[in-house]
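The analysis underlying the following values was restricted to heavy atoms, covering all of them including side chains, and did not include hydrogens, waters or symmetry mates.
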Amino acid sequence: QVQLVESGGGLVEPGGSLRLSCAASGSIRSVYAMGWYRQAPGKQREWVAFITSGGSPNYADSVKGRFTISRDNAKNTVYLQMNNLKPEDTAGYYCNAEVLELKRDISEDYWGQGTQVTVSS
């Protein structure tokens, strides 16, 4: 079994910053790509950013230049540094990771439970 646990959400004023963390744990052999998605009320879940196992980041246009994704492979943890936050960034943020478990030959996608980010004055 693999678990992803996010932390770091909260309430912040427009222009402020937050840093999200997501740690993968369990019977892990390898963690491949890790990423972040978000879902606002009444909207579909959308991709925000992902980072390859080699550390190459990719961003949605809506967050490019404001958000930075990084990872610590030794800790199986991915981070999302969010700067210059806007009210439209308000959403539940979900961590995603492609994980190869110890007793399996095929990797699978796992999701965290989500952490709320609210940007409001």
Side-chain angles (χ1 to χ4, degrees):
Q1 295 290 336
V2 173
Q3 299 82 37
L4 300 183
V5 178
E6 300 109 330
S7 61
L11 172 65
V12 64
E13 293 185 348
S17 298
L18 283 174
R19 188 191 194 210
L20 306 183
S21 300
C22 171
S25 63
S27 56
I28 296 171
R29 182 191 301 177
S30 296
V31 181
Y32 300 125
M34 303 184 81
W36 292 93
Y37 289 72
R38 67 186 181 187
Q39 186 168 18
K43 295 187 176 182
Q44 289 189 334
R45 186 171 294 190
E46 64 173 359
W47 165 67
V48 174
F50 79 86
I51 186 167
T52 67
S53 57
S56 296
N58 291 268
Y59 301 97
D61 287 343
S62 59
V63 306
K64 201 171 292 183
R66 300 188 297 122
F67 291 10
T68 302
I69 190 170
S70 61
R71 64 189 289 168
D72 184 334
N73 289 335
K75 297 180 180 179
N76 289 329
T77 299
V78 63
Y79 306 95
L80 186 68
Q81 177 67 43
M82 305 184 293
N83 298 329
N84 190 22
L85 282 160
K86 304 176 180 180
E88 51 264 42
D89 295 318
T90 295
Y93 282 71
Y94 298 86
C95 173
N96 170 264
E98 182 184 0
V99 179
L100 177 62
E101 291 187 59
L102 287 171
K103 295 183 179 181
R104 298 196 175 187
D105 297 324
I106 300 174
S107 61
E108 292 189 18
D109 269 352
Y110 290 89
W111 292 88
Q113 81 288 352
T115 185
Q116 179 66 31
V117 171
T118 302
V119 185
S120 175
S121 54

Residues, nucleotides or ligands: over 12 heavy atoms within 6.0 Å of E88 CD =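 Yes - once you tally the heavy atoms of other residues, nucleotides and ligands closer than 6.0 Å, there are more than 12.
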Please report the shortest heavy-atom distance between [X] and [Y], naming the atom on each side.
{"X": "R66", "Y": "D89", "result": "NH1-OD2, 2.7 Å"}
{"X": "N83", "Y": "Q81", "result": "OD1-NE2, 2.9 Å"}
{"X": "A40", "Y": "A91", "result": "N-CB, 3.8 Å"}
{"X": "A49", "Y": "L80", "result": "CB-CD1, 4.4 Å"}
{"X": "M82", "Y": "V117", "result": "CE-CG2, 3.8 Å"}
{"X": "F67", "Y": "Y59", "result": "O-CE2, 3.3 Å"}

Can you check whether [Y]'s main-chain N or O pairs, donor with acceptor, with [X]'s side chain at less than 3.5 Å?
{"X": "E101", "Y": "Q1", "value": "yes"}
{"X": "R104", "Y": "V99", "value": "no"}
{"X": "Y79", "Y": "D72", "value": "no"}
{"X": "T90", "Y": "V119", "value": "yes"}

Roughly how far, to the nearest 0.5 Å, is the [atom2] atom of [Y] from the [atom1] atom of [X]?
{"X": "I51", "Y": "W36", "atom1": "CD1", "atom2": "CH2", "result": "12.5 Å"}
{"X": "Y32", "Y": "T52", "atom1": "OH", "atom2": "OG1", "result": "13.0 Å"}
{"X": "Q3", "Y": "C22", "atom1": "CD", "atom2": "SG", "result": "11.5 Å"}
{"X": "Y93", "Y": "Q39", "atom1": "OH", "atom2": "CD", "result": "12.0 Å"}
{"X": "D105", "Y": "L100", "atom1": "CG", "atom2": "CG", "result": "7.5 Å"}
{"X": "T115", "Y": "L20", "atom1": "OG1", "atom2": "CG", "result": "6.0 Å"}

Side chain proximity check, R38 to S62, heavy atoms < 4.5 angstrom =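 Result yes, sub-4.5 Å side-chain heavy-atom pair found.
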Does some side-chain heavy atom of N73 sit less than 4.5 Å from a side-chain heavy atom of V31?
->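 No. Closest side-chain heavy atoms not under 4.5 Å.
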If Ile, Leu, Val, Met, Phe, Trp and Tyr residues are connected whenever their side-chain heavy atoms lie under 4.5 Å apart, and connections chain through other members, are V78 and V63 in the same group?
-> yes
Where do W47 and N96 land on the side-chain contact (heavy atoms from CB on, under 4.5 Å) test, with the steps shown first?
-> CA-CA 10 Å; W47 165 67; N96 170 264; over 6 Å; no
Counterpart residues, salt bridge (Lys or Arg N to Asp or Glu O under 4.0 Å), relative to R71 (two or more places apart) =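 With neighbours one apart ignored, the set is empty.
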Donor-acceptor list for residues 5-13 side chains, cut-off 3.5 Å, not counting sequence neighbours:
from, atom 1, to, atom 2, distance (Å)
E6, OE1, Q113, N, 3.0
E6, OE1, Q113, NE2, 3.4
E6, OE1, G114, N, 2.8
E6, OE2, C95, N, 2.7
E6, OE2, G114, N, 3.2

NZ/NE/NH1/NH2 to OD/OE distance under 4.0 Å, K64 and D61 | yes
